[in-house]
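In what follows, chains are A, B, ... by sequence order, proteins preceding strands, each numbered from 1.
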Number of protein chains: 2
Amino acid sequence: MSYNEPRSSEQQVNTAAVECKICGASAKYSYFGIISCQPCKMFFKRNAEQGQNTLQCNYNKNCEINLNNRHVCSYCRLQKCLTSGMETEKIRRSLSNKRKRKREKDVNEDLAERNSMALVRLNESKQFPTLNLLRSDQSTLTADQWNLLSNLTHCYNENGRTTVGQHYMQTQNSLPIKLRFKAAALIQFIQTSLDDIDMLYNKNQDFLSLSANDRSVLLHMTLKHTASLSANYMYHQVGLSDCIGYLNTLASITNVDLIPIAKRVAERVKLDTVVMKLFLATLCFSTINITVYSNSPPLIFSNIKQILDTQNKYIEITWRYILYKYDHEQAVKCFSDLIRCILAIHAAMIQVENIQWFESHIDTIIKQTEKIIIVED
Amino acid sequence: MSYNEPRSSEQQVNTAAVECKICGASAKYSYFGIISCQPCKMFFKRNAEQGQNTLQCNYNKNCEINLNNRHVCSYCRLQKCLTSGMETEKIRRSLSNKRKRKREKDVNEDLAERNSMALVRLNESKQFPTLNLLRSDQSTLTADQWNLLSNLTHCYNENGRTTVGQHYMQTQNSLPIKLRFKAAALIQFIQTSLDDIDMLYNKNQDFLSLSANDRSVLLHMTLKHTASLSANYMYHQVGLSDCIGYLNTLASITNVDLIPIAKRVAERVKLDTVVMKLFLATLCFSTINITVYSNSPPLIFSNIKQILDTQNKYIEITWRYILYKYDHEQAVKCFSDLIRCILAIHAAMIQVENIQWFESHIDTIIKQTEKIIIVED
DNA sequence: TAACAAGGTCACTAGGTCAG
DNA sequence: CTGACCTAGTGACCTTGTTA
Ligand SMILES: [Zn+2]
Ligand SMILES: [Zn+2]
Ligand SMILES: [Zn+2]
Ligand SMILES: [Zn+2]
């Protein structure tokens, strides 16, 4: 879904150039979600982030966009990009520092300037003492935060697991109804869908910079939750969560009480991908699973402050992002869904407490991930 | 063809300066369709629109144009521009004074301005400026929901514990610094401050309507969390959380790793009382504490759907209330504080896992509360 | 390996300013 | 009115990373 989304399965190798959905120029590949020409790709990349605030239409906000007039109204060009289906989420922040340096300098100067302006105004007029609190400086992400957000959302690539999920769905749907969602195959599938969660940890720089002990403790505490949540996110995306057959088999291989909770997780997991990934990253730095296995290492952190600071940093980015992206009502709903999500995933974890095939597979993944991390050290 | 078409594919990077097609001056790039010098570009831009009507030739309309005499006859210069291939269509009407793109600074100032306006109106009429937009049917509470909200916030009366807290603070502050926050007294105080949490459960109609088994399981699962959170809320209100002496003694009677977490909880409980109470009520119906004591009852719910529905109901009221009360940014911050709160309280509970005086007191409260509930049955 | 889709660079071309 | 010099946006071409 994210980085590269080469031809979908039925589509053949692209030889014939088609039209750019934005301007009609000849186009060959899809960028940020839709078939578009290079120019429109670059335009979107450059303007998607801030353009929505800064661009203006000099006419009626309904300018037609074509190859020849696409330069005339940037506002309407951007609108067309968005309505045609280009997704901001697919833009990554710059990974190199060359340009960033310059930008950062500018931003800092800007901030300094803005701050001094704010001070002047405060001194001039005391009647709006809360002006600073409300200023939008606070509510936008800094360049560093955009970078971190980009890294967090892209280091955890869900393409693999989504493909596995789609394949499973196709296989099941091609079977006669009676034969769908057999227990053994479902267990196998669920286990597979949990597998690549190690990425979430071993590609996260903040996680890698923790002490070996803390990484190990966090893995033991959180991996069951993160793996389950991200698997359920995928189940929802491929439509598995809605299959009665799936829920029935799930009840038989786990616990009938898990079903309402699984439904609940599925309902709440309809979050935007970016928010979900930020949330998964936050969970990695949370001390949530307090079940103590007798054979697990002692759950004592060597530097708990570092963990809390990271968690805090991620939550701040999450809310700044939500603030940036959504309007009032959507934002509040999004956050309450996150809270429901935390509570639901906790509830689910209790119900699977004694399911051997699940717990032992999680254990295996934890051990494998620990090995990978040690090797990478 | 259009705006910028740098070097066509076969054309190499332009290094050698060529001649302006109009005046023969050295030129490097093409403007409005033909290779021309800057001056001729500017001339065309300025005169193409009106010049054809206003300019006149004082000679024979066939003046030669070169680098030296190009100023002499504007009429013929413009004619040469047109006949050489400059296109009026490539001039973009700039709409004179209107800035094409708002600068970021301007946007921020606009926002600040809007915010300050909002403040004015808030003071005038206690209403949000965007009231109409936001007051969709979805975002307001129904009469039933207002009732429930009122019940939830009033059944759990914090006056008692706040008084105890204030009394403790006064006592401590009247002592010499060296004698403040002695361990034994602090333990006593903390235990007392946990005591009246039973109200949260046994005055809640939704809780009382659960089966005896489910009430018992929920008590065991959640009481430690709710009691700690509500105690810490009070500590924050009376100013205890900010006392260095308190934090130092707390470290000595619990665990030094608890301190950063305790600070974190204190930072995040700066929530409005209503939200905090709704959140505490929500926690009562959450399956969060999965530590299994050997002597505790089996953690199996008889009707998990009822519990989840209640939790859901409370969260919905919470977000509707937040939506009703706060503006966009405040609302999002409030919710992210709630999430931080959940994670922080979890983290804190791990740190106190083996603190005897705490765990055993919690056990006592659980048993007492169970008794009260049975008597009320 | 080839196809695809992210990222980046910099030559190029609009528009604007201000001293002359 | 002119033109030297400026900013900012554009897109052809390139590099890098991922997947089939
Ligand atoms: Zn296009
Ligand atoms: Zn327009
Ligand atoms: Zn010329
Ligand atoms: Zn003439």
Under 4.0 Å from OP1 or OP2 of C/dT13: is there any side-chain N or O of A/H71 that close?
no
Closest heavy-atom pair and its distance - A/Y246, A/L240
CD2-O, 3.4 Å
Side-chain N,O (B/S74) to OP1/OP2 (D/dT2) below 4.0 Å
yes
Specify the separation, in whole Å, of atom CD of A/E89 and atom C1' of C/dA6.
15 Å
Whole angstroms only, please: what is the CD1-C1' distance between A/I34 and C/dC4?
16 Å
Does anything in residues 36-52 of chain B come within less than 4.0 Å of DNA chain C? Heavy atoms only, and list the residues if so.
B/K41, B/M42, B/K45
Near-ring test A/F189/A/Y235, centroid separation under 6.0 angstrom
yes
Show the nearest heavy-atom pair for residues A/A48 and A/T88, with the distance to one decimal.
CB-CG2, 3.7 Å
A/Q188, CD: over 12 other non-hydrogen atoms inside 6.0 angstrom
no
Near-ring test A/F285/A/Y314, centroid separation under 6.0 angstrom:
yes
Any chance the side chains of A/T226 and A/Y201 put a donor and an acceptor closer than 3.5 Å?
yes
In whole angstrom, what separates B/K28's NZ from D/dG3's C1'?
18 Å
As a check of understanding: the bend across the helix from C/dT1-D/dA20 to C/dG20-D/dC1, end axes from five pairs, rounded to 10 degrees, works out to 10°
Write down the distance between CZ (A/F32) and P (C/dC4), rounded to a whole number of angstrom.
17 Å
Using a strict cut-off of less than 4.0 Å between a Lys/Arg side-chain nitrogen and an Asp/Glu carboxylate oxygen, indicate whether A/E87 and A/K90 qualify as a salt bridge.
yes
Just how far, in rounded Å, is C1' of D/dT18 from OH of A/Y29?
14 Å
Nearest-Å distance for atom pair OH/C1', residues B/Y31 and C/dC12
8 Å
Separation of C/dG16 P from B/I91 CD1 (nearest whole Å):
11 Å
Judged by modelled atom types alone, do A/Y29 and A/Q38 share a side-chain donor-acceptor pair under 3.5 Å?
no
Nearest-Å distance, CZ (B/R92) to P (C/dG16)?
10 Å
Pairing donors with acceptors under 3.5 angstrom, does anything connect the side chains of A/D242 and A/H236?
no
Contact under 4.0 Å: B/R70 side-chain N or O vs D/dG3 OP1/OP2
yes
